[in-house]
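Data block below; observations after.
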Amino acid sequence: MTMTDRTYDTLKLIAQLLLPALGTLYAALAGIWGFPMAEAVVGTLTAVDTFLGALLAWEKKKYDQRETEESE
């Protein structure tokens, strides 16, 4: 599977900004307003974000290897 640059950039934005911000927002609001299952929600977001980060790192490694092979 090869990811397009646009897909990579979009997923990177989600992994680096959106999911951490959403987790922080939910944790803060859960403490203030008593939202349910704060630990489960934030834990789930963190797990998804970690998986997405690993996927993006793997895709970047494949991309860098292709670039190196093409330049030789």
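Everything numeric here is computed off the predicted structure, so don't read it as measured data.
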When hydrophobic residues are tied together by side-chain contacts of less than 4.5 Å, even through go-betweens, does L11 share a cluster with W58?
yes
First locate atom CG of L19, then atom CG of L13, and finally report the distance between them rounded to the nearest 0.5 Å.
10.0 Å
Pairs under 3.5 angstrom only: tabulate donor-acceptor contacts from the side chains of residues 30-39 to other protein residues two or more places apart or in another chain.
none

Go through the structure and list residues passing side chain to side chain donor-acceptor pair (under 3.5 Å) with [X], not counting sequence neighbours.
X: T4; answer: T7
X: K60; answer: D64
X: D5; answer: none

For E67, enumerate each residue passing the side-chain contact (heavy atoms from CB on, under 4.5 Å) test, keeping only those at least two apart in sequence or located in another chain.
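Partners of E67 by the side-chain contact (heavy atoms from CB on, under 4.5 Å) criterion, ordered by chain and then number, come out as Y63, E70.
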Can you check whether M3's main-chain N or O pairs, donor with acceptor, with E59's side chain at less than 3.5 Å?
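Yes, the answer is positive, given that a donor and an acceptor are paired below the 3.5 Å cut-off.
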Show every donor-acceptor pair shorter than 3.5 Å between a side-chain atom in residues 40-51 and any protein atom, with sequence neighbours excluded, or say none if there are none.
| residue | atom | partner | partner atom | Å |
| --- | --- | --- | --- | --- |
| T44 | OG1 | A40 | O | 2.8 |
| T46 | OG1 | V42 | O | 2.8 |
| T50 | OG1 | T46 | O | 2.8 |

